[in-house]
2 protein chains.
Amino acid sequence: MLNFSTKGEYGLRAVVNLARSYPKIKNIKAISIEENISAKYLERLIGELRKNNLVKSIKGKNGGYVLARKPREISAGEVIEVMEGQMTSKCNGTHCAHMKDCASSVVWIKLGEQIKKTLYGIKLSELIK
Amino acid sequence: MLNFSTKGEYGLRAVVNLARSYPKIKNIKAISIEENISAKYLERLIGELRKNNLVKSIKGKNGGYVLARKPREISAGEVIEVMEGQMTSKCNGTHCAHMKDCASSVVWIKLGEQIKKTLYGIKLSELIK
DNA sequence: CTGAAAGCATACTAAAATAGTATGATTAAT
DNA sequence: ATTAATCATACTATTTTAGTATGCTTTCAG
């Protein structure tokens, strides 16, 4: 019904992978092999997660990544929001004839709320059991 | 958080528009003007809705479209599913190291269920009040 | 202090999806 | 017969996705 890009999937899988080995550090190479994701691409994606304070990086030899918080303090929603970008209700009532009371916008707003509720309710801790 | 294409939005707006004038027939031109959507593009999109039995067409002069069922018997989910295509849980556990019990897939599955529940619960009748 | 192994930054590119256009055929009321 | 509508298909431009490539910086180990 909706197309999710692999960004969200890859990001989530990487973070879940880190949750499994938490609090040990793990490098891109290891994650990319285990998850079967292009190392270079993953490197870029995980960079986004770092900039948004979901993972911490340790530079230099023997470096790698760790979750920035405990697995039970990070939700799937946070990860996916960073990777996919904020959900925007495209139908905001500005372009159709019904103006502010655009009937269709109700659908996108309700849906957005439900998605957030669902995804923010899922913590990494519950995914690694 | 997720990118919806305009297809779903346009399709929904067109159908809601038809719901307002139900059971009178209305042509593409009128809908496209009222909704400010390219007529040619809308024509193609609404063709999809017809093939999936959500609207009926009346050909020839004075022709146009009508909802195939009453507004309270058509849900937003049906419309959006036709326009956007079936939601597929991309992470199906086949490509990562954890195989069948892929932790991340749980997220997409739960999310998909919630989205369906939400969208199928919204009927056109409730959008035109 | 030097080399290797890690992350960091940025630019490039190929493929796919999106959002539309264009052309013309078919249908049916007048 | 004319006109106004849908129907079918093919084409195209733009954007997004999914990567690749190159090179720099940081830090541990010897």
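Here the structure is a predicted model, which is why all the values come from computation and not from measurement. Reminder, nothing fancy here: chain letters follow the sequence lines and each chain counts from 1.
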>> Working to the nearest 0.5 angstrom, can you tell me the gap between A:I31 CD1 and A:I37 CD1?
In response: 9.0 Å
>> Can you give me the closest heavy-atom contact between A:A103 and B:L127, atom names plus distance?
In response: CB-O, 2.9 Å
> Checking all strands, does B:I46 fall into the base, sugar-phosphate, or nothing category for heavy-atom contacts under 4.0 angstrom?
Replying inline: nothing
> Whole Å only: how far is the OH atom of B:Y41 from the P atom of C:dA17?
Replying inline: 13 Å
>> If the cut-off is 4.0 Å, is B:S38 near the phosphate of C:dT21, judged by side-chain N/O to OP1 or OP2?
In response: yes
> Below 3.5 Å, does any donor atom in the side chain of A:R50 face an acceptor in the base of C:dG7, or the other way round?
Replying inline: no
>> Categorize A:K29 for me: base, sugar-phosphate, or nothing, with a 4.0 angstrom heavy-atom threshold over every strand shown.
In response: nothing
> Within the pair A:S57 and C:dA6, is there a side-chain N or O less than 4.0 Å away from OP1 or OP2?
Replying inline: no
>> I need the CZ-P distance between A:R13 and D:dA18, as an integer number of Å.
In response: 12 Å
>> What is the separation between atom CG on A:L42 and atom C1' on C:dC8, rounded to the nearest whole Å?
In response: 14 Å
>> Without decimals, in angstroms, what is the distance between B:N36 CG and C:dA19 P?
In response: 15 Å
> Any idea which heavy atoms bring B:L42 and B:Y10 closest together, and the distance?
Replying inline: CD1-O, 4.5 Å
>> Do the side chains of B:K40 and B:E43 get close enough for a salt bridge, i.e. N-O under 4.0 angstrom?
In response: yes
> Nearest-Å distance, CD1 (A:I37) to P (D:dT20)?
Replying inline: 12 Å
>> Taking only side-chain N and O atoms of A:T6, does any of them lie within less than 4.0 angstrom of OP1 or OP2 on D:dT17?
In response: no
> Rounded to the nearest Å, what distance is computed from the NZ atom of residue B:K26 to the C1' atom of nucleotide D:dT6?
Replying inline: 17 Å
>> On a heavy-atom basis, which atom in A:G11 and which in A:L49 lie closest, and how many Å separate them?
In response: O-CD1, 4.2 Å
> Would one find a side-chain N or O of A:Y65 under 4.0 angstrom from OP1 or OP2 of C:dC8?
Replying inline: yes
> Separation of A:L45 atom CG from C:dA9 atom P, in whole Å?
Replying inline: 15 Å
>> Expressed as a whole number of angstroms, how long is the span from B:I28:CD1 to C:dG20:P?
In response: 14 Å
Grab the N/O contacts between the protein and nucleotides 26-30 of chain C below 3.5 Å, and write none if there aren't any.
residue : atom : partner : partner atom : Å
C:dA29  : O3'  : B:N62   : ND2          : 3.3

>> Side chain of A:K7, heavy atoms from C-beta onward: which of D:dA18, C:dC8, C:dA19 has the nearest atom to it?
In response: D:dA18
> From D:dG23, D:dA8, C:dG7, pick the nucleotide closest to the side chain of A:N27?
Replying inline: C:dG7
>> Looking at every non-hydrogen atom in both residues, tell me the closest pair between A:G8 and A:E84 and how far apart they are.
In response: N-OE2, 3.1 Å
> With no angle test and no hydrogens, is the base of D:dT6 tied to the side chain of B:R44 by a donor-acceptor pair under 3.5 Å?
Replying inline: no
>> Minimum heavy-atom separation for A:R69 and A:E73, please, with both atom names.
In response: NH1-O, 2.8 Å
> Per the salt bridge (charged side-chain N to carboxylate O under 4.0 Å, His left out) rule, which among B:R13, B:K29, B:R20, B:K26 passes with B:E34?
Replying inline: B:K26
>> Side-chain N or O of B:Y10 versus OP1/OP2 of C:dT18: is the shortest distance under 4.0 Å?
In response: no
